Amino acid sequence: MGQAAKWAIFVINLPRSAHRWRTMSHRLNAIGLPFQRIEAIDGDSLSEAEVTEVFDRKRAQSNYHYQLTRGEIGCYLSHLKAWQAVLDQQLDYAIILEDDVVLADSFRFLPKTLAKLDDAWDLIKIAAPYKKQKTIQLGDIGSFGYVRYRKPPMGACGHVVSAAGAQKLLAKRPPFYRPVDVDLQWQDELGLNVRGLLPYTVDNSHEHASDIFAIGDRRAQQKRPLQRLKHHIRLYFDSVRANHKAGPQRQQ
C-alpha cells in the first residue's frame, strides 16, 4: 500500500456510552496514534420503516437461524457508517475498533506493518475474540505473521478495511440479514480478500455490559435449527470456493 498511505483509526461509540469513549481515548492516547470517533447508530431509536429499509426479514427467515435484534441492526449500521467514512475521507484504509476493546502494545506498529503489505487485501482481522480459526501462512511482516483463513473468525471488534473493501461491502449491504461479524466470514459471497495479522492486537475487554444485549438479547430470539445447519453448510462451501480461488498455501 506504500509509505504514503492515507489512513485513520475509527472508534465506533454510542452517544450514551461516554464512559467507553473516555476509556478508549485514554488507551489510544497512551499508544500515541491519532483516532476519530464514529457516532454509532442506536438500534433502539430506529423507526420500523428504517428497520425495514435495511434489514431483510424474509431472507433472514429463510437463510439465517434467527431474526436480528435492534441492537444487532444498529451495530451493522454503525459499521456501514465507518466503512462509508473510509470513502468519504478518501482514505486508503481505516483501522476500525468497537469501543470496548483492549489493545496490545504491538497495536502501535499496525500502520507501519500495513504500509509494507503489497497484497490486494480488502479486510484484515486484528482480533478473534471468539473461536480461533485455522490460518494459512502467507508470510512474515516484521513481528507479525500475515495469513489468510479457511474461514475467517467471528468478531468485528477490531479489523482493518481498505477503500476497495469498503466499496465491496457497501455495494452489497444494506439490506442485510446476518450480524455484521457473521457476514464478514462470507469471503466468496461478498468478494472479499480477507487476511489476518497474528498475533492479534485487539481483544474484547469485557469491562462493560453489551450495548447490543442492552437493546435486545439475541439469546432470547426464537432459533431455527434447520436454518442454522443450512447456514453452516453454505458457509463451508463459501469458504471452499474462496480458498480454491486463492490457491494453496501452507496451513498453520
Side-chain angles (χ1 to χ4, degrees), residues 8-24 35-89 94-101 123 127 129-130 154-159 161 165-186 189-190 192 204-224 227-228 231:
I9 296 173
F10 293 150
V11 179
I12 297 173
N13 172 252
L14 281 167
R16 56 184 165 81
S17 295
H19 57 298
R20 293 188 182 211
W21 176 244
R22 287 193 297 270
T23 300
M24 285 301 300
F35 57 96
Q36 303 176 37
R37 179 175 177 269
I38 297 291
E39 184 169 313
I41 306 297
D42 189 340
D44 213 23
S45 69
L46 298 172
S47 68
E48 190 59 31
E50 288 172 323
V51 170
T52 300
E53 184 178 358
V54 298
F55 176 56
D56 191 335
R57 285 190 173 89
K58 289 182 64 176
R59 202 168 179 194
Q61 181 71 31
S62 59
N63 291 321
Y64 200 59
H65 49 281
Y66 67 87
Q67 297 289 332
L68 301 195
T69 67
R70 281 179 169 267
E72 290 174 307
I73 291 168
C75 179
Y76 206 131
L77 289 173
S78 300
H79 282 275
L80 286 165
K81 187 175 180 180
W83 300 336
Q84 183 63 53
V86 176
L87 303 183
D88 291 345
Q89 297 186 27
I95 300 169
I96 299 175
L97 304 173
E98 294 182 346
D99 64 359
D100 188 21
V101 297
L123 186 143
Y130 306 114
M154 283 181 60
C157 65
H159 58 278
V161 175
Q167 287 177 326
K168 291 179 181 182
L169 288 162
L170 291 164
K172 296 279 188 176
R173 303 288 188 262
F176 49 82
Y177 62 97
R178 298 182 289 234
V180 61
D181 59 338
V182 175
D183 237 8
L184 294 179
Q185 293 182 290
W186 290 72
E189 179 182 309
L190 295 175
L192 294 176
N204 283 335
S205 73
H206 305 291
E207 293 177 357
H208 309 287
S210 169
D211 280 339
I212 294 176
F213 280 14
I215 296 173
D217 191 340
R218 66 175 173 230
R219 293 169 296 189
Q221 296 292 94
Q222 182 179 2
K223 302 301 191 296
R224 298 184 285 270
Q227 279 84 350
R228 182 183 180 90
H231 170 265

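Throughout, residue positions are numbered sequentially from 1 according to the sequence presented. What you see is a predicted model; the values in this text were computed from it and never measured.
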| query | Taking the side chain as C-beta and beyond, is there a heavy-atom pair between His231 and Val182 under 4.5 Å? | reply | yes
| task | Would you please indicate if the ring centroids of Phe10 and Trp83 are separated by under 6.0 Å? | result | no
| remark: Note: Asp99 and Ser17 closest approach over all heavy atoms is OD2-CB, 4.1 Å
| field | Distance-minimising heavy-atom pair for Gly158 and Leu97 | value | CA-CD2, 4.2 Å
| Any idea which heavy atoms bring Val180 and Ala156 closest together, and the distance? | CG1-CB, 4.2 Å
| Do the side chains of Val101 and Val11 get nearer than 4.5 Å, heavy atoms only? | no
| remark: Taken to the nearest 0.5 Å, the spacing of Leu77 CG from Phe55 CZ works out to 11.0 Å
| Does the side chain of Asn13 come under 3.5 Å of the side chain of Arg20 through a donor N or O and an acceptor N or O? | no
| note | Interatomic distance, CZ@Arg224 vs CD@Gln61, rounded to 0.5 Å, equals 4.0 Å
| said: Between His79 and Glu98, is there a side-chain heavy-atom distance shorter than 4.5 Å? | reply: yes
| Quick one: salt bridge (charged side-chain N to carboxylate O under 4.0 Å, His left out) pairs with a partner in residues 51-69, sequence neighbours left out? | Glu48-Arg57
| Going by heavy atoms in the side chains, are Val54 and Phe176 under 4.5 Å from each other? | yes
| said: Which residues pass the side chain to side chain donor-acceptor pair (under 3.5 Å) test with Glu189, not counting sequence neighbours? | reply: Arg173, Arg178
| field | Non-hydrogen side-chain atoms of Leu87 and Gln167 separated by less than 4.5 Å | value | yes
| If every non-hydrogen atom of Leu192 is compared with every non-hydrogen atom of Gly165, which pair is closest and at what distance? | CD2-O, 4.3 Å
| Are the side chain of Lys81 and the backbone of Glu39 linked by a donor-acceptor contact shorter than 3.5 Å? | yes
| query | Does a side chain donor of either Asp181 or Tyr130 reach within less than 3.5 Å of an acceptor in the other side chain? | reply | no
| message | Please give me the minimum heavy-atom distance between Ala60 and Gln67, naming the atom from each residue. | response | CB-OE1, 3.8 Å
| request: Mind listing the closest non-hydrogen atom pair of Ala40 and Ile12 along with its distance? | output: CB-CG2, 3.7 Å
| request: List for me each residue that meets side chain to side chain donor-acceptor pair (under 3.5 Å) alongside Arg22, sequence neighbours excluded, and say none if there are none. | output: none
| said: Within the 4.5 Å heavy-atom criterion, are Tyr64 and Pro179 side-chain neighbours or not? | reply: yes
| request: To the nearest 0.5 angstrom, please state how far the CG atom of Leu169 sits from the CD atom of Gln84. | output: 11.5 Å
| Roughly how far apart are Ile73 CD1 and Asp44 CG, rounded to 0.5 Å? | 11.0 Å
| query | Is the shortest heavy-atom distance from the side chain of Arg37 to the side chain of Pro15 under 4.5 Å? | reply | yes
| task | Measure the spacing between OG of Ser205 and CG of Asp100 and express it to the nearest 0.5 Å. | result | 3.0 Å
| note | Rounded to the nearest 0.5 Å, the CD1 atom of Ile41 sits from the CG atom of Leu14 at a distance of 9.0 Å
| query | Are the side chains of Lys172 and Trp186 in touch, meaning some heavy atoms are under 4.5 Å apart? | reply | no
